[in-house]
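Computation of the quantities below employed the complete heavy-atom set of this structure, encompassing side-chain atoms and omitting hydrogens, waters and symmetry-equivalent molecules. Indexing begins at 1, ligand by ligand and atom by atom, following the structure's order. The shown structure was predicted, so the numbers you read here are calculated from the model rather than taken from an experiment.
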Amino acid sequence: MKCIHCDTEMITANMETEIPSGSVFFLWNKKKGISNPMRKSPVTVYVCPECGYIELRADKPKILIIEK
Ligand SMILES: [Zn+2]
């Protein structure tokens with residue numbers, strides 16, 4: 001994947017909070033109601049090594065679709 005700002009090939013990297021909880025980013029959706037499961041998708045982080053632009057991509061975006 002090319003950087004949209006400077007056309008350099010982007011690399012993947014890990015993104016975490018400073019709190020050492022091992023927290024990584026993921027997206028989630030949940031239909032209202034306690035019995036409905038949380039639908040999660042991991043997120044892949046791409047960073048441009050030239051200009052620092054960061055792009056986030058959901059690995060499983062379709063799993064986040066919930067019926068209204
Ligand atoms: Zn760039």
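- Taking both residues in full, the closest heavy atoms of Cys51 and Cys48 are given as N-SG, 3.4 Å, listed atom of the first, atom of the second, then distance.
- With hydrophobic clusters built from ILVMFWY side chains whose heavy atoms lie under 4.5 angstrom apart, Ile54 does not share a cluster with Ile4.
- Here Glu55 pairs with Arg57 under the salt bridge (charged side-chain N to carboxylate O under 4.0 Å, His left out) rule; sequence neighbours left out.
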Donor-acceptor pairs under 3.5 Å, side chain of residues 25-32 to any protein atom, not counting sequence neighbours: which ones?
{"residue": "Asn29", "atom": "ND2", "partner": "Leu64", "partner atom": "O", "Å": "2.8"}
{"residue": "Lys30", "atom": "NZ", "partner": "Gly33", "partner atom": "O", "Å": "2.6"}
{"residue": "Lys30", "atom": "NZ", "partner": "Asn36", "partner atom": "O", "Å": "3.3"}

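- Around the Zn ion (ligand 1), the protein N, O or S atoms found under 2.8 Å comprise Cys3 SG, Cys6 SG, Cys48 SG, Cys51 SG.
- Residue pairs meeting the side chain to side chain donor-acceptor pair (under 3.5 Å) criterion with at least one member in residues 37-47, sequence neighbours excluded: Thr44-Asp59.
- By the 6.0 Å contact criterion, CD on Glu50 is open, its count of non-hydrogen atoms from other residues, nucleotides or ligands being 12 or less.
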